[in-house]
Q: 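Take this structure first; my questions come after.
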Number of protein chains: 2
Amino acid sequence: MSAIDEPLATPRRRRADAVRNSEAVLEAAKAAFVESGVDVPMREIAARAGVGVGTIYRHYPLRSDLIIAVFRHELDATAAEADRLAAEYPPAEALRLWSQALARFVATKRGFAGALHSGDPAYQPLPSQFLGVLAPKVQRMLDAGAHEGTIRGDIRAEDLIHALSRLADSYPADSGGHTARMSDVLLDGLLMPPTGQA
Amino acid sequence: MSAIDEPLATPRRRRADAVRNSEAVLEAAKAAFVESGVDVPMREIAARAGVGVGTIYRHYPLRSDLIIAVFRHELDATAAEADRLAAEYPPAEALRLWSQALARFVATKRGFAGALHSGDPAYQPLPSQFLGVLAPKVQRMLDAGAHEGTIRGDIRAEDLIHALSRLADSYPADSGGHTARMSDVLLDGLLMPPTGQA
DNA sequence: ACTGTAACGGAACAGGGTTCCGATTGTCGA
DNA sequence: TCGACAATCGGAACCCTGTTCCGTTACAGT
């Protein structure tokens, strides 16, 4: 009766160099993503991290694994922001403010939205992981708005996030506020009553 | 004073094989785009057309040249559709119907919207050529709607087309009508009066 | 027919993703 | 402390694709 605080017999301890390397890769990827976007060559990340490419693939078999790992914190923060805003503002306004947070997230990750919708097998799990974190929070805002009658109720959170992330990626260097304007138009369309005739 | 129906002295006649090949490439590309999307390898197009890759590059130095050439007819038709609808329906309704036409155009061209916004130098002229054909027609619809007070006047045709083409590309196999639904939401947001508070 | 040249084809080069395997090096038991 | 084992490493090698380049081919005009 010594170590039963581990779920089952400890299979083995993770090697120290493995931990070091996996963290070094994470740091290198983070920097590389900022400089060159998420499509940066694997070899460059490997060089920055001072490891071989094989080591990257060992720790992150899919490029999407690396991306999610790098952006995990920010992604969670963006999700948490949804809760914060939902608690402080009426649904429609919370949604509008949150959409700006999402736009900031996407805009600062060159190539992220493209990867999200690319269909490339290396990015295959990305959409579900991304949406898995955000959609529940957004859905709650949508439901609240639908319940009080200020937001139309036939739009799913996942579709909305898809759309917003698409729009946010439309202008590589968006100095004219195009993204913000079109996102606002989309959100106006969500407000009740929908004026459009069938 | 024989042949002055040509702008200036006819420099030379285009070689028959050149004409043949350039058309063969066009046909091959059209088929390949349908089967595999606009990102299909050049070698495959060359093989289908029975020419060498060098021949493709001779006739279409940029991939975007080939894409535009292949879709020229459909693109013009989509532009003409804007005129037709504008003549027959009130601006807001015309715009809604036209957006469906655009969605059809984009949806049937796998990878097209991605190429449109990719930033890849091989696609560099694509956005301006694409928008150059469509934007003037759409702008006229927007202006008409703004003039009669049914459509908000602060949205440029180019931004709208960008947004719609982005949305139309969001779902590779859109069986659930997601694209149509989100496009409708966007268009609802265009209608006056905009309900959203700043 | 003959010639000059436009056009051709595909080898060659460059660059990126992914795999594979011999070499290395922690970890753990003795 | 030491040895053995296996996890891990590194980067060469392979494949696929875009693009260029140039020796060869074959059309157009005389």
Side-chain angles (χ1 to χ4, degrees), chain A residues 2-3 6 9-26 28-29 32-33 35-67 111 114-115 118-126, chain B residues 2-3 6 9-26 28-29 32-33 35-67 111 114-115 118-126:
Chain A
S2 50
E6 295 299 333
T10 53
R12 198 169 285 256
R13 194 160 133 210
R14 210 162 152 231
R15 270 174 56 165
D17 56 343
V19 174
R20 235 191 345 263
N21 280 328
S22 125
E23 274 168 17
V25 168
L26 214 53
F33 287 172
E35 274 183 39
S36 319
V38 302
D39 301 316
V40 65
M42 282 298 204
R43 281 182 240 268
E44 189 181 322
I45 300 176
R48 278 174 185 262
V51 304
V53 282
T55 300
I56 298 188
Y57 280 96
R58 166 172 316 280
H59 293 297
Y60 307 96
L62 264 40
R63 189 179 276 266
S64 65
D65 297 329
L66 189 50
I67 293 178
S118 69
D120 185 322
Y123 297 122
Q124 188 256 314
L126 197 52
Chain B
S2 51
E6 295 298 333
T10 54
R12 199 170 285 256
R13 196 161 131 210
R14 205 159 159 235
R15 272 174 55 166
D17 57 344
V19 175
R20 233 190 350 261
N21 280 328
S22 125
E23 274 169 16
V25 167
L26 214 52
F33 287 172
E35 275 183 36
S36 318
V38 300
D39 300 317
V40 65
M42 282 299 203
R43 278 181 242 270
E44 190 182 321
I45 300 177
R48 277 174 185 262
V51 304
V53 282
T55 300
I56 298 187
Y57 280 96
R58 167 172 317 278
H59 294 295
Y60 307 95
L62 265 40
R63 188 179 277 266
S64 65
D65 298 329
L66 189 50
I67 294 178
S118 68
D120 185 321
Y123 296 122
Q124 187 256 314
L126 197 52

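Throughout, protein chains are lettered first and strands after them, A, B, ... in sequence-line order, and every chain is numbered starting at 1. Given the structure is predicted, the values throughout are model-derived calculations rather than measurements.
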Q: When the distance from CG of B/Asp39 to C1' of D/dT17 is rounded to whole Å, what number comes out?
A: 11 Å
Q: Taking the side chain of A/Pro41 as its heavy atoms from C-beta onward, which of D/dG10, C/dG16, D/dA28 lies nearest to it?
A: C/dG16
Q: Check whether any side-chain heavy atom of B/Ile67 sits under 4.5 Å from a side-chain heavy atom of B/Tyr60, and report yes or no.
A: no
Q: The side chain of B/Val53 lies closest to which of these nucleotides: C/dC8, C/dG10, C/dA7?
A: C/dG10
Q: Atom CZ of B/Arg15 and atom P of C/dG4: how far apart are they, to the nearest Å?
A: 16 Å
Q: Does B/His59 make a side-chain N or O approach to OP1 or OP2 of C/dC8 shorter than 4.0 Å?
A: yes
Q: Atom CG of A/Leu66 and atom P of C/dT18: how far apart are they, to the nearest Å?
A: 12 Å
Q: What's the closest nucleotide to the B/Asp17 side chain, out of C/dA7, D/dT19, C/dT18?
A: C/dA7
Q: Backbone N or O of A/Val38 within a donor-acceptor pair of the A/Arg63 side chain at under 3.5 Å?
A: yes
Q: Hey, what do you get for CD (B/Glu35) to CZ (B/Arg48), rounding to the nearest 0.5 Å?
A: 4.0 Å
Q: Which whole-number value in Å describes the distance from A/Arg43 CZ to C/dA14 C1'?
A: 11 Å
Q: Roughly, in whole Å, what's the span from CD1 in A/Ile56 to P in C/dG16?
A: 14 Å
Q: For C/dG26, take OP1 and OP2 only and decide whether either is under 4.0 Å from a side-chain N or O of A/Arg13.
A: no
Q: Rounded to the nearest 0.5 Å, what's the gap from CG on B/Leu26 to CG on B/Asn21? Could you check?
A: 12.0 Å
Q: Go nucleotide by nucleotide along DNA chain C from the 5' end; which of B/Val19 and A/Val40 gets its closest nucleotide reached first?
A: B/Val19
Q: Measure from the side chain of A/Arg63, starting at C-beta and using heavy atoms only, and say which of C/dG17, C/dA7, C/dG9 lies closest.
A: C/dG17
Q: Please determine whether a side-chain nitrogen or oxygen atom of A/Thr55 lies at a distance below 4.0 Å from atom OP1 or OP2 of D/dG10.
A: yes
Q: Whole angstrom is fine here: how far is it from CE in B/Met42 over to P in D/dC16?
A: 19 Å
Q: In whole angstrom, what separates B/Glu44's CD from C/dG9's C1'?
A: 18 Å
Q: Please walk me through it: do B/Asp17 and B/Arg20 pass side chain to side chain contact (heavy atoms under 4.5 Å, CB included)?
A: CA-CA 5 Å; B/Asp17 57 344; B/Arg20 233 190 350 261; 3.2 Å; yes
Q: Rounded to the nearest Å, what distance is computed from the CZ atom of residue A/Arg58 to the P atom of nucleotide C/dT24?
A: 16 Å
Q: Is A/Asn21 near enough to D/dT8 that one of its side-chain N or O atoms lies under 4.0 angstrom from OP1 or OP2?
A: no
